Amino acid sequence: MLDLGFIRNHPELVKEAVRLKQSDFDVDQFLALDRQVLELQHQVETLRAEQNQISKRIGQAGKDKELRESLIAQGKQLAARLKELEPQLEALTEQRQQLLYLVPQIPDPSAPVGTSEEDNVPVRYWGEKPQFDFPLLDHYTLMQKLDLVDMERAAKIAGSRSYVLKGDAARLEMALLHFALDRIAAKGFTPLIVPAMAREFCFIGNGQFPRGRDQVYALEGEDTFLVGTAEVSITGMFKDEILSYEELPLTFVGFCPCFRKEAGTYGKDTRGVFRVHQFNKVEQYVICEASHEESVRWHEQLIRNAEELVQALEIPYRVVNVCTGDMGDGKVGMYDLECWVPSEGRYRETHSCSYFHDWQARRVNIRYRDRDGKVKFVHTLNNTAIASPRILIPLLENHQQPDGSVRIPEALRPYLGGQEVLQARR
RNA sequence: GGAGGGGUGGCAGAGCGGUCGAAUGCAGCCGUCUUGAAAACGGCCGGGCGAUGAGCCCCGGGGGUUCGAAUCCCCCCCCCUCCGCCA
């Protein structure tokens, strides 16, 4: 969400953002509505001022019956008039608010301009792609051979895009999550395990609603929904709070199960566990002071943190600077970390690192008092630490060996009781 | 799920339906005094819209009664205590 005043004063900048983000937001229509609201608001406030005056005088009138009655009569008139106008004002204001939620954030000038992920710009590569002198297997085949997954029975209980992780895969996933949580916590981030179900305001807050509502599972008969990322819950944690600059930055590494409908992806990534309805994720989250430099510093830090994890897992990857058309409404800038998937011969997204300036903070009303005592909206950022089972894909494929086993990277072994390879059970 | 109690400014805690955006205490800020600090004293001290003005709005959220609601009524949410259920 952008500041109303900013939109009024810089409509051209907003229009440019709309174009860059490929949004359909109509700035002129919005401003016209805004003028209507202002006009009506002025009328209503004038009436209320009169009403307040009269009420006050009624209170002061004491035993003067005649005066009282004439004032009460006037008050009644004003009340009647207000009863007409107030609902109108309320409706218009609500309409404006709903539109306000759709205004895109202004992307940073450093973000590549583009319309789809084709236009994302690689900024660096790490690791050497493995050369296989044997027929390489894709992750799903590997998992089947090693008896790590049961898709048929998963479908039986939960339908498509479900999975049962089995045997060493179950242990591996726990190990990965634990590993990621530990490593990021060691950097001073506070570990959190947050609710996977959250109220609507949390989703409005992080920007999931209203636009991505169709991707979210609603719980029947309740005002709660299943989160698609811990980001939603963590954003909601600080709703309506005014923090002190002294407690900033707040850095968290949060875990929770994540749920996504994946509506509109039928037929896409159907093999294996790449795109599933439920997964587990450890997420990095930062709340910092409202400074662009500070945001950018943390953005770089978060992506480096993720890179360290992937490096420790010995998976080749690249980082791409996500283009304006692919980054989503709320973001100022975004990196994706993409891991090398040998069976597909391409890099696939496993991590997503974004900064929002105060776009999210405005939506949930998270503020802080700066050194001068001024109240400002905070800046928020987030990045994946580890999302599983997706990370299993590059992990298993890159480390597969000629005999069909999979080497476990050293960094993970302490979490697996020292185990060095995944092998088919005899 | 059942019974009871409660949600007011950073915290604590008042608040007969009118002069309450709200007493008081603590914390915080500024000043006086002091070599300095503490104490004492004086002042300031919630947030939003708006131009640092006028005015308007906010006492968990939403409705209602009333000329007028923090105060009365209804619904919901959350917290606490007890009971039930339960990993």
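Throughout, protein chains are lettered first and strands after them, A, B, ... in sequence-line order, and every chain is numbered starting at 1. On a predicted model such as this, the values are computed, not experimentally measured, just so you know.
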Completion exercise
Readout for nucleotides 56-65 of chain B: B = base within 4.0 Å of protein heavy atom, S = sugar-phosphate only, - = neither; 5' to 3' it is SS-----S-S

Handout entry: Side chains of A/Asp168 and A/Gln419, donor plus acceptor under 3.5 Å
Key = yes

Fill in the blank from the handout: Across every strand shown, the nucleotide meeting Watson-Crick or G-U wobble geometry with B/U81 (both distances under 3.5 Å) is B/A3

Problem - N/O donor-acceptor pair, side chain A/Arg57 with base B/G18, under 3.5 angstrom - result: no

Practice task
Would you indicate what A/Gln77 reaches in the nucleic acid, counting non-hydrogen atoms under 4.0 angstrom: base, sugar-phosphate, or nothing?
Solution key: nothing

Practice task
Classify the side-chain pair A/Asn383/A/Tyr285 by whether it contains a donor and acceptor separated by less than 3.5 Å.
Solution key: no

Handout entry: Heavy-atom check, side chain of A/His42 versus side chain of A/Leu38, under 4.5 Å
Key = no

Problem - Distance, P atom - from B/G25 to B/G46, rounded to whole angstrom - result: 15 Å

Handout entry: Whether over 12 other heavy atoms sit under 6.0 Å from A/Arg153 CZ
Key = no

Exercise for the section: State whether a side-chain donor-acceptor pair under 3.5 Å links A/Thr265 with A/Arg161. Expected result: yes

Problem - Phosphate OP1/OP2 of B/G18 contacted by A/Arg68 side-chain N/O (<4.0 Å) - result: no

Problem - Counterpart base for B/C72, defined by Watson-Crick or G-U wobble contacts under 3.5 Å - result: B/G64

Practice task
May I ask you to check whether A/Gln74 and A/Glu50 show a side-chain donor-acceptor distance below 3.5 Å?
Solution key: no

Handout entry: Proximity to the side chain of A/Arg199 - top-ranked nucleotide from B/C67, B/C78, B/G47
Key = B/C78

Fill in the blank from the handout: Pairing partner of B/G21, by Watson-Crick or G-U wobble and under 3.5 Å for both distances, is none

Exercise for the section: Considering only atom P, compute the distance from B/C56 to B/G21 and round it to an integer number of Å. Expected result: 10 Å

Exercise for the section: Give one of base, sugar-phosphate or nothing for A/Arg362, where a contact means two heavy atoms less than 4.0 Å apart. Expected result: nothing

Exercise for the section: Sticking with atom P, work out how far B/C83 lies from B/G17, rounded to a whole angstrom. Expected result: 37 Å

